[in-house]
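One structure is given below, encoded as structure tokens.
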Amino acid sequence: MTDLQTFARDIHKGLSAPQKHISSKYFYDDIGSGIFQDIMKMPEYYPTPCEFEILSLQGGNMLDKLNFDEPFQVVEFGAGDGIKTRQLLKKLVERGTEFTYVPIDISARAIEELVANMRAHLPEIRISPMIGNYFTMMEELSQSRVPSLLLFLGGNIGNYENQEVKSLLADFRKCMNPGDYLLTGFDLQKNPATIRCAYDDPKGITKAFNINLLHRINRELGGGFKTNQFDFYSHYNPVNGEVRSYLVSLVPQRVHVQYLDKCYDFDRNEIIWTELSKKYTLPEIESVAETNGFRVVEHFLDCKAYFTDSLWTL
Ligand code: AVI
């Protein structure tokens with residue numbers, strides 16, 4: 001099945017379900033990835049500066065915990081622009097450690113920019129980029145016996161539901177050997193108002209990020225969405241730590257999607273669920289690690305305790 005066929009199949013499945021749903025993984029086409037870059041620059045979106053602080057100030061402490069006695073690889077899933085990761089890699093270079101950086105991203109454009117940036121700032125590092133989705137790349141990596149530090153940063157794990165977290169971690173385990181490490185970014189529970197502002201910004205950048213899903217269906221599948229007939233709603237539940245985001249149909253409407261040759265009906269105020277962004281507590285993170293066969297080495301938190309990069313081993 002081509003990527004377009006998979007996209008079409010998932011859109012049909014999601015829009016014909018009783019509770020309409022479009023997976024947040026479809027946010028990240030070239031335009032959506034650009035909007036996400038803008039989100040990361042918003043003053044309300046705290047995860048990026050918090051994780052930057054952790055990697056800049058505590059990268060050395062993290063490296064002290066690694067027990068590699070031969071050259072290793074640093075494999076990053078969903079590498080994005082790599083600016084935060086550069087803080088950690090810089091420390092490795094300063095120590096004269098021998099390693100290869102393997103950034104993996106679905107977007108060829110993102111990988112090209114990252115490699116160019118990395119070469120400009122840290123010309124001495126060996127980079128072996130991979131373009132594609134995590135799952136295909138993990139298959140390839142599971143054949144490798146090179147000692148590895150896997151990075152899954154940015155709080156991406158928060159976008160996965162419980163069951164998906166389990167299978168993602170099982171996939172990570174498959175590409176790891178005893179003595180390898182996994183460093184995962186988790187957004188932590190905090191004042192609910194701080195979280196609400198990060199996911200419903202006054203300039204409407206997060207709204208544009210969500211509405212781009214409809215533009216993407218229009219562009220790639222010949223959809224007939226009138227995007228001004230949809231609004232955005234996002235809600236943080238401090239009891240379970242979940243931010244859930246939605247598109248809301250402002251009028252009763254029928255939308256035709258050419259590629260699928262199907263129509264989808266929306267009632268006034270009907271919602272399409274677009275994203276889960278789960279916020280964790282430290283005990284929850286420990287329980288996720290243990291129930292999935294990992295041992296927590298250490299949690300590295302920023303000074304406000306908003307975010308943690310959690311180092312695990314097998
Ligand atoms: C990519 N991911 C970790 C972001 C998050 O915070 O859940 C995506 C995002 N959605 C809205 N704003 C940012």
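Computed from a predicted structure; not experimentally measured. What's counted below: heavy atoms across the whole structure, side chains too, no hydrogens, waters or symmetry copies. Whatever order the structure lists ligands and atoms in, that order sets their numbers, starting from 1.
- For Y280, the ring-ring contact (aromatic ring centres under 6.0 Å, His included) partners are F186, not counting sequence neighbours.
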Polar pairs, ligand 1 vs protein, N/O only, below 3.5 Å.
residue: ligand 1; atom: 2 (N); partner: N159; partner atom: OD1; Å: 2.9
residue: ligand 1; atom: 6 (O); partner: Y45; partner atom: OH; Å: 2.5
residue: ligand 1; atom: 6 (O); partner: Y199; partner atom: OH; Å: 2.4
residue: ligand 1; atom: 7 (O); partner: N159; partner atom: ND2; Å: 2.9
residue: ligand 1; atom: 7 (O); partner: S277; partner atom: OG; Å: 2.6
residue: ligand 1; atom: 10 (N); partner: E275; partner atom: OE1; Å: 2.8
residue: ligand 1; atom: 10 (N); partner: E275; partner atom: OE2; Å: 3.1

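- W273 and H21 have parallel rings, their planes meeting at less than 30° on a 0 to 90° scale where 60° marks the start of perpendicular.
- Remark: K20 qualifies as a cation-pi partner of F266 under the 6.0 Å distance and 45° angle criteria applied to the six-membered ring.
- Checked against side-chain hydrogen bond (donor to acceptor under 3.5 Å, both in side chains), T274 has the following partners two or more places apart in sequence or in another chain: N210.
- A cation-pi arrangement is absent between K84 and F52 under the rule of less than 6.0 angstrom and at most 45 degrees off the ring axis.
- Under the rule for a salt bridge (Lys or Arg N to Asp or Glu O under 4.0 Å), D309 has no partner lying at least two apart in sequence or in another chain.
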